[in-house]
Amino acid sequence: MNKNKNYFEHLNSDSRALWDFEAQDFPLPDGGGMGRLQRFDFNDVLRLYRSEFRVQRDCVIDTSAGESELPNLLCSVLLLSGEMLLETPDGKQYEITPQSGIVYRVRDNGTRFLMKGGQTLRHIGVAGKISGLHKQLGETLPGALACFSSLPESGVVSREVPVNTRLRSLLANVFAPGTCASDPLQEIALEGVSMSILAELARAIRAGDTECEDRASLWGEQIFNNLTTYIRSNLDAPLKADDICQRFGITRRQLSQLFQVSAQCSPREFLRRERLEHARSLIEQEGAPVKMVANAVGYSHVSNFSKAYRDYFGETPGQTLRLSTIDTSADE
């Protein structure tokens with residue numbers, strides 16, 4: 001126990017430069033690691049949470065809000081890195097990953113974050129007042145958003161949302177240097193990004209029902225599974241669309257359609273995501289040097305890899321490697 005306490009103090013002081021924004025550090029429950037959280041309130045309508053958790057051991061964080069304001073909030077939970085389970089007050093659990101987030105509304109406190117040890121989570125939460133949405137969109141929210149207009153008997157309504165390329169870019173901007181530094185203009189930038197995130201989430205929910213109908217009627221589920229298996233097995237190769245189409249006997253249009261329907265992104269975006277997610281795994285789990293990782297995921301120039309990585313995760317591969325080194329030494 002004393003060893004853990006000493007490590008937390010070390011992380012809180014000597015490693016402060018590795019945090020990308022200024023906020024108060026706090027220990028995670030049961031010696032689970034360290035966390036850092038910021039909250040921004042914009043015009044009494046929109047709220048942004050930006051947090052980072054260095055999770056050493058499995059732990060649970062209970063969330064809470066004012067009992068009078070909670071039912072009037074449409075909340076979201078999204079991740080730039082890491083994975084966790086979100087448990088709503090009705091006992092249901094949802095897997096939150098960099099590819100899948102959640103939008104929800106609850107009547108009572110009791111929402112929890114269940115986090116596995118051995119990872120760094122970068123979390124973004126945007127919450128908007130239902131009354132503000134009604135003011136903008138009408139008394140009854142349009143399309144698939146209508147489910148959030150009122151609370152069911154269970155007191156919980158939720159929709160899982162795929163993180164597409166546009167949304168991913170917005171999430172990375174939340175951790176961009178210009179919004180993390182002590183700058184009087186940072187809240188203006190963050191308010192714009194937060195509003196854009198909320199709008200993108202609403203678009204994804206409204207489009208979700210149509211996409212599900214299309215998915216059920218499209219051929220090629222097995223081809224898509226074979227495609228993704230092939231791509232994940234050849235991340236270090238210079239994969240080209242024409243070569244893939246020839247290998248699987250499909251046209252470029254069919255290739256694009258398969259990915260848009262089944263993965264909500266283009267083949268190029270899917271390949272980029274898989275390469276960068278695998279790169280982070282190599283750095284965090286194996287402590288592999290950045291140059292070696294770049295080659296392992298198909299980047300011939302480290303500078304191009306570093307830029308793509310920073311745009312995707314909001315931090316450089318070097319920062320991830322240094323954090324991984326700290327976490328490893330703490331377990332020794």
Side-chain angles (χ1 to χ4, degrees), residues 20-21 33 35-37 48-55 61 75-86 93-104 113-126 158-176 179-180 193-194 196-198 200-201 203-205 208 228 231-232 235 259-260 262-286 293 296-299 305-317 319-321 323-324 327:
D20 289 335
F21 54 92
R36 173 166 286 193
L37 170 68
L48 169 69
Y49 296 92
R50 175 173 65 184
S51 55
E52 191 170 55
F53 304 106
R54 308 282 169 73
V55 190
I61 291 183
C75 306
S76 64
V77 175
L78 302 148
L79 292 176
L80 265 179
S81 65
E83 296 181 352
M84 69 179 181
L85 293 177
L86 179 137
Q93 294 185 346
Y94 304 86
E95 185 177 6
I96 312 299
T97 72
Q99 290 79 47
S100 179
I102 189 171
V103 176
Y104 65 99
F113 293 169
L114 290 76
M115 304 184 296
K116 286 283 187 182
Q119 60 173 332
T120 297
L121 286 89
R122 281 193 153 192
H123 155 261
I124 297 97
V126 176
S158 62
R159 292 294 293 270
E160 294 181 84
V161 180
V163 178
N164 59 28
T165 303
R166 292 189 302 275
L167 181 54
R168 178 79 198 191
S169 178
L170 291 169
L171 299 180
N173 284 339
V174 172
F175 283 92
T179 59
C180 294
V193 173
S194 301
S196 296
I197 290 173
L198 189 60
E200 193 61 43
L201 289 170
R203 288 194 187 98
I205 291 170
T228 54
I231 289 173
R232 289 172 176 140
L235 294 178
F259 276 90
Q260 288 295 344
S262 298
Q264 295 80 51
C265 66
S266 70
R268 182 187 295 273
E269 291 164 346
F270 179 86
L271 174 60
R272 175 174 175 268
R273 183 183 78 191
E274 291 297 317
R275 281 175 165 166
L276 294 173
E277 292 286 354
H278 184 55
R280 190 175 185 90
S281 176
L282 290 174
I283 294 172
E284 287 190 329
Q285 297 181 17
E286 302 180 18
V293 172
V297 294
Y299 285 85
F305 167 68
S306 295
K307 182 180 185 303
Y309 190 98
R310 184 181 65 249
D311 291 344
Y312 192 81
F313 289 110
E315 66 182 10
T316 66
Q319 287 176 307
T320 303
L321 181 60
L323 291 173
S324 174
D327 292 346

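Partners of Tyr49 according to the side chain to side chain donor-acceptor pair (under 3.5 Å) rule, which considers only residues two or more places apart in sequence or in another chain, are Arg47. A search for side chain to side chain donor-acceptor pair (under 3.5 Å) contacts involving Thr228 returns nothing, not counting sequence neighbours. Every side chain to side chain contact (heavy atoms under 4.5 Å, CB included) that Leu85 has, sequence neighbours left out, goes to Gln93, Glu95, Leu114. Ser281 is linked by a side chain to side chain donor-acceptor pair (under 3.5 Å) to Gln285, counting only residues two or more places apart in sequence or in another chain. Applying the ring-ring contact (aromatic ring centres under 6.0 Å, His included) rule to Phe113 yields the partners His123; only residues at least two apart in sequence or on another chain are considered. For Thr316, the side chain to side chain contact (heavy atoms under 4.5 Å, CB included) test picks out Arg310, Gln319, with sequence neighbours left out. Remark: Phe259 engages Phe224, Phe270 in a ring-ring contact (aromatic ring centres under 6.0 Å, His included) (not counting sequence neighbours). Remark: Tyr309 engages Phe305, Phe313 in a ring-ring contact (aromatic ring centres under 6.0 Å, His included) (not counting sequence neighbours). Scanning for side chain to side chain donor-acceptor pair (under 3.5 Å) contacts around Lys116 gives an empty result, with sequence neighbours left out.
Between Leu79 and Thr97, every side-chain heavy-atom pair lies at or beyond the 4.5 Å cut-off. Inter-residue side-chain proximity for Pro162 and Ser100 is flagged as unmet; no heavy-atom pair is nearer than 4.5 Å.
Nearest heavy atoms, Val126 versus Ser194: CG1-O, 3.8 Å.
Checked for salt-bridge contact, Glu200 and Arg166 meet the test: a charged N lies under 4.0 Å from a carboxylate O.
Atoms CD1 and OG, from Ile197 and Ser169 in turn, are 10.0 Å apart once rounded to the nearest 0.5 Å. Annotation: the span from Ser51 atom OG to Ile61 atom CD1 amounts to 7.5 Å, rounded to 0.5 Å.
Residues Glu315 and Thr320 bring a donor and an acceptor atom of their side chains to less than 3.5 Å of each other.
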- Message: Set out, in order, the CA-CA distance, both residues' side-chain angles and the distance that settles salt bridge (charged side-chain N to carboxylate O under 4.0 Å, His left out) for Arg122 and Glu52, then state yes or no.
- Response: CA-CA 5 Å; Arg122 281 193 153 192; Glu52 191 170 55; 2.6 Å; yes
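Among pairs with a residue in residues 266-278, those fulfilling salt bridge (charged side-chain N to carboxylate O under 4.0 Å, His left out) read Arg232-Glu274, at least two apart in sequence or across chains.
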